[in-house]
Every structure is written in C-alpha cells, then in structure tokens.
Amino acid sequence: MEITLHNTQTGQRERFEPLVPGEVSIYVCGPTVYDLQHIGNGRPAVVFDVLVRLLRLEYAKVTYVRNITDVDDKINAAALESGESIAEHAERYAAEYLEDVAALGVMPPDVEPRATGHIEPIIAMIEKLIGIGHAYEAEGHVLFHVPSDPQYGTLSRRSLEEMRDGARVEVAPYKKDPKDFVLWKPSTPELPGWDSPWGRGRPGWHIECSAMIRTHLGPVIDIHGGGSDLAFPHHENESAQSRCVNGGTASVRYWLHNGMLTFGGAKMAKSVGNVVTIRDLLERHDGEVLRYALLSGHYRQELQWGESLAHAQGSLDSLYGALRDADDGDNDTAASYSSAGVDAFPKAVLDALCADLNTPRALAAMHALAADIRRADDADTVRSLRSSLLAGGWLLGLLTKSPSEHFQGLSDDATVEHRIAERNAARAAKDFALADAIRDELAAEGVQLEDTAGGTRWRRTG
RNA sequence: GGCUGGAUGGCAGAGUGGUUAUGCAGCGGACUGCAACUCCGUUCACGCCGGUUCGAUUCCGACUCCAGCCUCCA
C-alpha cells in the first residue's frame, strides 16, 4: 500500500515513508478552548481521524497526539466575562469540544496534552533557545529572534522581505526585529502564570506545540497537521523553534494542511460572524451526516458549507439503504471491522484514501459498492459486498449504526407499527381512502412509509 | 502590494491529453391500488484569450474573477 501525501513544506505530493519503519508519529493542532467550536474546527478533527485510521492499517504502531490549548488571552477574556475562573472556563469548553468531535465519530487520540500541563518542558526549551543564541530576554518577555534562523520562512514560502511589506503588527519597542515573536510573557497577578527564570509569566502560543511534540513524540515526527490558516505564523514559528533546538534538523517530515470551510462566500470564522457551531448542528442533524458533509470535499480544498447537509443526508441514506437491502440478520456495523486486516477493505476505497486522502473519491467508491449490492442477485455476492461496504465505512468513520437505527432512530415506536397495521388492513380491504389518510398522517409526523414485497417499512424524515 | 490555492453541469464535488466521476436534484419509463423505495434510461460541464498537439476541461503562457494567509484563527 503506497500512501502519498501533499507536503506543504515542499509543495508537492510525496510518497509517505515513516522515519522509523512500521512506526508513525502524528501531531495535529487542536482548538483553543474559550467557546463552543464551530463546524470548521471539526474539519481537521475528522480529516486527520480518517488519516490515522488509514495509517493504522498499514503501520503496526501509530501514535496520534492532538493538543488542547488551554492558556490564551482569549480564554482569559472570555472567563472574565463569564465570571468563571480561567481554568474552569477552559476545562468546560475543552469538555464541550471533546463531546462535539465524539459526535462526529472522531476516535480519541492516543495523547491529548494541555499546554498548562507542559510548563516545565516549555521553560526548558526556551532556556535552550536562549543558550544557543536564538532567543533573548527583554522586559520580562522572552523572544525568538527570527533573523537568527536562516531557514525561517521556508514552510510558508515567504521571504523576510515580503513579510516586512504587509506587516500589520504593531512593533513592541523591546523587539530586536519586528518579526521576533514571544516565547514567554509576563503575567499580572490576576492572569494565569508560572514561575520561571524570567519571572512569573505564561508561554506564548507557538512554543506549547513544539514542547508537547518533543515531550510526547520526540525531536522529529512524521506528520504534523492543522488548518491552512495556521501555516503562518503558527507553524512557521513552531518549525523555527524546534529546528533550532534540533541543531538544524527539521522537526516535522510531512506538513499537512486542511483547507477552510466557507459559508456565504467567506471563510467561516468568528471574526466574520458566519460561524455555525457543531452543537447547533447536532440538534438538527445526525453527527454522521455532518461527518459525511465534511468528507465530501478533498481536505486541502475549501469546502462550501451552504447546502452540504441536505446533500449529505441524502447520500448517507443511500448507503444505509443498500445495507438495509442487504440485511442478512447480522447486527454488524462498520465497527466490526475496526481491527480487520487490509484484505477486508475495498480496494477502490483504500486506493482513493492512499492518494492524498481523497475522500470524495472514496465516497464515490462506496456508492459504487452500494449500487452493486442493489443489483446483485445471489446471496453470497450480497454478503461479500456488504462486508466491503461496512469495512470501507470503518475507514471513513461512517455506517456506524444499524440501518434501522439510522432510518428510525433508537425509539421503538409501537404506535407507528400499530397504524401501519391498520393501514395494511385497510389496503387488504381495498379501502384506499383510509389507507392513504393514515399514510398522510404519518407523513405529517415525519414518518415515511415504503411498501415492499416483505411488508411495509418506515423511516423518519427531517 | 506579496505569497498560496482555486475557477467543472441546477447544487456540492472528483478526475483525466481522446472513452460514465460520484452524490443530491430534474426529466422519461418499469414497479405500485396510488405513492414511497428500488431499477432502467436520460438532459445539463469543464472562467476568458492565445499556444503546443492529429486531438485540451486536462499541458504551457497571458488575462479576469474568487478564496486563504501576511493580526487571533481549524
């Protein structure tokens, strides 16, 4: 199985080979927890979840780390407004985030580190950077000196010259260079802070990821993922710090960036005011539908959020419909394939995912399998195709429920069954007016009937 | 202004130097008491202008437009 991935560092699609054969280390930037997360934040969680599922098929050991940023000025401001302590506020929204992504079918990473739990390694790293001449202390701050790193700018491919032009940053007077960024900053008594060689303070944003990666995965990792809006300055800075500490060796071998969700022609962002929270969406839609919508576009491209949900619902129904048709009494779902070998998985789906995680093509392959199921006429073929479909579902994190749960929900609605029986009695007596009246009533309640050779079945709509 | 990516049918969204993406929706037919489901068939496409080529949506160049980043951001 040859996996290719688009590496931001080189701007090209490359064959993926882990540094240590058979073992993969992967780190993904998680959210800053100051509020409910919007669906755009769900994209990297879902996309890299699929990547990890794929990697685990091929490599014996995959260590997946996704952080939570729980120290940040936005958290401080939000906590002040909500009246909670800063730690309580961050912890509350961290829990909300985990609940949200779980509903999107995202498996927990192996390690979910918090910035506040890594102050020691952060301080150690800053001391090292000062010691080797890449950082300096000024007025209680410690700053990374950007011109000291000749490779700075190679990730986002911009020169120091270019950055000067567009600079919108107000330059603090204590900076040696306008591009220098904060590794450590002083805290006033009401702000979270830790003792350090530079006084009581807190870490800057970028250093936490570098320190957590180093702590949990080592000086060089295989894959680092995150949103494309993090490439600069966050990942550029992270890259610079870690590289300098490594004595010039890059800390990340493959940089992966997912594209933004757009809504109404612009990036979904709080500052634009066009966000939809995952929590809101979950009130009206199944988490699996949201996941399908997020996977319906290639991860590097922008994705138009607008009508994707209605489309995703119909598309997912189609896959579940094929499973329902193929029902052989087994209660297996995609989860039954969580530890299946490579051979159990449909090749077309695997091939698509191996090609830089082409989830739209993988979904097309899933629909091809579904169509084959509906056309097949012998039981063995149907059974085998059904297994393939479910196995593909495992890779994508879809088809996690039984078809009846998908179409009817968990409620075992005796009332609906009773009225269906009434209607069928009316049909048998050729009282079609009554039969249609019952059907219309049920439809008005969101229950749609389907008369099949094997009897009448139903599903919930909207 | 600089850098990056994009422009595909009603919508979403892959891909390819010549042959069906896929899904949702539409249309016609089969099935049905009528529907729904399903099946069969089918309409609608590659921003604009040049170039390369037997042939370009696909390669090259210019142009137009859009988005992202250059400030916090998934």
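Here is how names work: the chains are called A, B, and so on, in the same order as the sequence lines, proteins then strands, and each is numbered from 1.
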Can you tell which of [options] lies closest to the side chain of [X]?
X	options	result
H367(A)	G68(B), U22(B), G15(B)	U22(B)
R423(A)	A12(B), A35(B), C72(B)	A35(B)
S228(A)	G68(B), A74(B), C70(B)	G68(B)
P44(A)	A74(B), C72(B), C40(B)	A74(B)
D229(A)	C72(B), A74(B), A36(B)	A74(B)
S296(A)	G33(B), C37(B), A12(B)	A12(B)
Q448(A)	A36(B), G13(B), A74(B)	A36(B)

Is any side-chain nitrogen or oxygen of [X] closer than 4.0 Å to OP1 or OP2 of [N]?
X	N	result
R158(A)	G2(B)	no
K267(A)	A74(B)	no
R375(A)	C40(B)	yes

Start at the 5' end of RNA chain B and walk down; is the nucleotide closest to R300(A) or to Q304(A) reached first? R300(A)
On RNA chain B, nearest-nucleotide positions of V272(A) versus Q37(A): which is more 5'? V272(A)
Stacked cation flag R66(A) on F48(A), 6.0 angstrom / 45 deg: no
For [N] versus [M], give the span between their [atom1] atoms, rounded off to a whole number of Å.
N	M	atom1	value
A36(B)	C31(B)	C1'	12 Å
A12(B)	C46(B)	C1'	15 Å
A74(B)	G68(B)	P	15 Å
C11(B)	U43(B)	C1'	16 Å
A35(B)	G29(B)	P	11 Å
C63(B)	G1(B)	P	12 Å
A45(B)	C37(B)	P	27 Å
G18(B)	U57(B)	P	11 Å

Just checking [X]: base, sugar-phosphate only, or nothing, at a heavy-atom cut-off of under 4.0 Å?
X	answer
S308(A)	nothing
G259(A)	base
H298(A)	sugar-phosphate
D436(A)	base
L261(A)	base

Step-by-step salt bridge (charged side-chain N to carboxylate O under 4.0 Å, His left out) determination, D73(A) to K185(A): CA-CA 11 Å; D73(A) 288 345; K185(A) 55 188 166 187; 3.4 Å; yes
Is there a side-chain contact between R291(A) and D49(A), using heavy atoms and a 4.5 Å cut-off? yes
Return yes if the base of C34(B) and the side-chain atoms of R439(A) contain a donor-acceptor N/O pair under 3.5 Å, otherwise no. yes
Suppose we call a contact any N or O donor and acceptor under 3.5 Å apart; does that hold for the side chain of D451(A) and the base of A35(B)? yes
Is it true that [X] and [Y] have a side-chain N and a carboxylate O under 4.0 angstrom from each other?
X	Y	result
D413(A)	R419(A)	no
K74(A)	D72(A)	no
R253(A)	E14(A)	no
R43(A)	D229(A)	no

Bracket string, RNA chain B, 5' to 3' - pairs by Watson-Crick or G-U geometry under 3.5 Å, | interstrand: (((((((..(((.....[...))).(((((.......)))))....(.(((..]....))).))))))))....
Hey, are Q241(A) and N237(A) close enough side-chain-wise for a donor-acceptor pair under 3.5 Å? no
Apply side-chain hydrogen bond (donor to acceptor under 3.5 Å, both in side chains) to the pair D356(A) and T4(A), showing each step before the final yes or no. CA-CA 5 Å; D356(A) 196 26; T4(A) 59; over 6 Å; no
Enumerate the residues from residues 353-364 of chain A whose closest heavy atom to RNA chain B is under 4.0 Å, giving them by residue number; use none for an empty result. N358(A), P360(A), R361(A), A364(A)
So among F232(A), F181(A), F144(A), W184(A), which one has a ring-ring contact (aromatic ring centres under 6.0 Å, His included) with H206(A)? F181(A)
Report the residue from Y64(A), Y254(A), W255(A) that forms a ring-ring contact (aromatic ring centres under 6.0 Å, His included) with H224(A). W255(A)
